[in-house]
Amino acid sequence: MDGKFKVGVIGATGMVGQRFLLLLENHPWFEVKYLAASSSSAGKKYGDAVRKWHMTAPMPEKFADMKVLDASADREVIAAGVDFCFCAVNMKKDEIKELEYAYAKLECPIVSNNSAHRFTDDVPMIIPEVNPEHLEVIKSQRERLGTKRGFIAVKSNCSLQSYVPLLHPLKKFGIKSAAVCTYQAISGAGKTFETMPEICDNVIPFIGGEEEKSEKEPLKIWGEVKDGKIIPASAPVITAQCLRVPVSDGHTAACFVKFDKKPDREEILKAWAEFSGEPQKLKLPSAPERFLHYFEEENRPQPKLDRNTENGMAVCAGRLRGDGLFDYRFIGFSHNTLRGAAGGAVLLAELLAAKGYFDRK
C-alpha cells in the first residue's frame with residue numbers, strides 16, 4: 001500500500017481506545033495523528049489523561065506525550081487532518097449518533113465500535129468474514145448525508161463474535177432456530193477485577209440491552225441490501241440470555257441450533273474447517289490465517305488458554321454434539337476486546353481501505 005492512512009482515535013482514553021492504540025502502534029497501513037476524548041481530558045498529554053491503563057502491555061511511548069483533543073469541540077481540526085477516525089466513546093446513544101454524523105458530514109469516515117448506528121438501515125454493520133457485501137450500502141448513505149468521502153461503518157456487538165461466525169457457514173443447511181447463552185468477560189463492561197470487585201466469586205445474570213442485541217443484530221448481518229438499505233433477515237429465530245462472569249477477557253457462548261435439514265457432525269466440522277472470507281483472501285494485516293478453530297478436547301475452548309488464538313482474532317469452537325431438543329449444541333468463544341471490539345474495527349478499516357472506501361487527503 002502506497003503510504004499510510006492518517007487516523008484519529010476518538011475515545012482514546014477508555015479501555016477500547018487503549019486497545020486501539022496497542023493495535024495501531026506499529027500498524028503497516030495506519031498512522032495515528034490525533035487522539036481525542038472528553039473535554040475533561042482535552043489539553044492534557046495522553047499519559048496524564050489516562051486515569052488507569054488497563055492493558056497488560058505497557059502504554060506505547062509514542063502516544064504518551066501526544067496532546068489529547070476534545071472529541072466534540074475540536075472535530076473540525078481532527079476531520080481536516082485525518083483520512084478516517086475510529087470511534088469508541090462512552091456517551092449516551094443520542095450523543096454518539098450526533099457526534100458520528102458530525103464527523104461524517106465533515107467528510108471524515110467513521111469506523112465505529114459503538115452501538116448507536118447499528119440499526120441505521122444504510123449504515124453497514126460488518127463482521128468482515130461474514131457480510132463484506134454490505135459495504136455497498138455506503139454509496140446510498142453518502143447520498144443521504146450529502147458527502148463525497150464521509151460515512152459511518154460499524155462493527156457488531158462483541159458477544160456476537162463468539163457464535164455468529166460459527167453459525168454462518170451452517171446456514172447452507174437451513175438454520176431454523178438457535179438458542180445462545182453468553183458468558184461475558186468484565187472487560188466488555190470496561191471493567192477490571194480492581195474496578196468491579198462485585199464480580200469476584202459471582203455471576204451477574206443480566207447485562208443491559210445485551211439480549212436484544214444478541215437476538216436482533218445477527219438478522220441485520222444476514223440481511224440483504226435492497227434499494228439502498230439493509231433489510232434484516234426474517235430468520236432464523238434466535239433467543240439469548242447474557243451473563244457477566246468473573247473472566248478478564250473473552251466471551252464464551254453455549255449455542256444450540258436446529259436445522260431444516262440436519263447435517264452430519266462431520267459436515268459441520270468440514271464447513272467450519274473450510275470457511276474463510278474476504279480478509280483471508282485479501283491477506284489483510286489483522287486477519288487470522290484461519291478464522292475458525294475447532295478443539296477436539298472436551299474442556300476447550302477456555303478463555304485463559306485460547307483467547308489469544310491467532311493474536312486474538314480467531315473464533316474458537318468445541319464440544320459439538322447432538323442435542324435432545326435441538327439438533328446440535330456447541331461452545332463458541334472469542335476475545336471480546338480484540339476480535340469483538342478494537343481488533344474487529346481495525347480489520348473492518350483494513351477491509352474498507354482495501355476496497356477503496358478511504359482516500360488520502
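In this structure, Leu347 and Met313 have side chains that are in contact, with non-hydrogen atoms separated by less than 4.5 Å. Residues Lys45 and Met66 have side chains not in contact (no heavy-atom distance under 4.5 Å, counting atoms from C-beta outward). Taking 4.5 Å as the limit, every side-chain heavy atom of Ser112 sits out of range of all side-chain heavy atoms of Lys155. The shortest distance between side-chain heavy atoms of Thr192 and Ser248 does not fall below 4.5 Å. Cys255 is listed as a side-chain neighbour of Leu167, based on a closest heavy-atom distance under 4.5 Å. Residues Glu133 and Val225 are not in side-chain contact: their nearest non-hydrogen atoms beyond the backbone lie 4.5 Å or more apart. Looking at heavy atoms from C-beta onward, Tyr328 lies in side-chain contact with Arg265 at the 4.5 angstrom threshold. In this structure, Arg307 and Val247 have side chains that are in contact, with non-hydrogen atoms separated by less than 4.5 Å.
Checked by atom type and distance alone, the side chain of Glu107 never pairs as donor or acceptor with a backbone atom of Ala104 at under 3.5 Å. A distance-only check finds a donor-acceptor pair linking the side chain of Gln141 to the backbone of Asp122 [under 3.5 Å]. Side-chain N or O atoms of Glu100 include none that pairs as donor or acceptor with a backbone N or O of Lys97 at under 3.5 Å. At least one donor-acceptor pair under 3.5 Å links the side chain of Arg244 to the backbone N or O of Ala185. Within the 3.5 Å criterion, the main-chain N or O of Ser214 finds no donor-acceptor partner in the side chain of Glu217.
Taking every heavy atom of both residues into account, Tyr103 and Ile10 meet most closely at CZ-CD1, 3.6 Å. Across Tyr294 and Gly318, no two heavy atoms sit closer than the pair CE1-CA, 3.5 Å.
For Lys67, the NZ atom counts as loosely surrounded, since its 6.0 Å shell holds 12 or fewer non-hydrogen atoms of other residues, nucleotides or ligands. Atom CD of Glu61 has 12 or fewer heavy atoms from other residues, nucleotides or ligands within 6.0 Å. Residue Gln241 places its CD atom among 12 or fewer non-hydrogen atoms of other residues, nucleotides or ligands, all under 6.0 Å distant. More than 12 heavy atoms of other residues, nucleotides or ligands lie within 6.0 Å of CD in Glu198, so this atom counts as buried by the packing criterion. Annotation for Lys176: atom NZ does not count as buried by contact number, only 12 or fewer foreign heavy atoms lying within 6.0 Å. Residue Glu98 qualifies as open at atom CD: its count of foreign heavy atoms under 6.0 Å is 12 or below.
At a threshold of 4.0 Å, the pair Asp83-Lys361 does not count as salt-bridged, since none of the basic side-chain nitrogens sits closer than that to a carboxylate oxygen. Salt-bridge check for Glu266 with Lys270: failed, with every basic side-chain N at 4.0 Å or more from each acidic carboxylate O. We find that Lys92 and Glu95 are not joined by a salt bridge, their nearest charged nitrogen and carboxylate oxygen being 4.0 Å or further apart. A salt bridge links Arg339 to Glu129: at least one charged side-chain nitrogen sits closer than 4.0 Å to a carboxylate oxygen. A salt bridge does not link Lys283 to Glu289: none of the charged nitrogens lies less than 4.0 Å from a carboxylate oxygen.
Note: Phe256 and Phe326 have tilted aromatic rings, judged against thresholds of 30 and 60 degrees for the angle between ring planes. A perpendicular orientation is assigned to the rings of Phe151 and Tyr357, their planes being inclined by more than 60° (bins at 30° and 60°).
In this structure, Asp249 CG and Thr337 OG1 are separated by 4.5 Å, a value rounded to the nearest 0.5 Å. For the atom pair Met125 CE and Ile221 CD1, the distance stands at 4.5 Å (nearest 0.5 Å). Put simply, NE2 on His117 and NZ on Lys93 are 10.5 Å apart, with the number rounded to the nearest 0.5 Å. Here Arg118 contributes atom CZ and Leu160 contributes atom CG; the two are 8.5 Å apart, rounded to the nearest 0.5 Å. The CH2 atom of Trp29 sits 6.0 Å away from the CD atom of Glu350 when rounded to the nearest 0.5 Å. Separating the CG atom in Leu22 from the CG atom in Asn26 is a distance of 10.0 Å, to the nearest 0.5 Å.
Taking the six-membered ring for Trp and the full ring otherwise, Phe84 and Phe30 have centroids separated by under 6.0 Å.
When Ser334, Pro303, Cys316, Ser162 are each tested for a side-chain contact (heavy atoms from CB on, under 4.5 Å) with Thr252, only one passes: Pro303.
Using a 3.5 Å distance cut-off with no hydrogens or angles, the side chains of Asp70 and Ser39 do not pair a donor with an acceptor. Counted by atom type alone, Asn336 and Gln161 present zero donor-acceptor pairs between their side chains at under 3.5 Å. Thr182 and Gln184 share a donor-acceptor pair across their side chains, judged by distance under 3.5 Å alone. Inspection of the Asn157 and Ser159 side chains reveals an N or O donor paired with an N or O acceptor under 3.5 Å. No side-chain donor-acceptor contact under 3.5 Å links His293 and Trp272.
Under a cutoff of 6.0 Å and an axis angle of 45°, Lys191 and Phe193 do not form a cation-pi pair.
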What verdict does the ring-ring contact (aromatic ring centres under 6.0 Å, His included) test give for Tyr46 and Phe63, after you've listed the backbone C-alpha separation in whole Å, the side-chain angles of each residue and the deciding distance to 0.1 Å?
CA-CA 7 Å; Tyr46 182 72; Phe63 301 127; 7.1 Å; no
Assess the residue pair Arg142 and Thr147 against the criterion (side chain to side chain donor-acceptor pair (under 3.5 Å)); give the C-alpha distance rounded to whole Å, side-chain angles, the decisive distance to 0.1 Å, and a yes or no.
CA-CA 5 Å; Arg142 282 171 165 166; Thr147 60; 4.9 Å; no
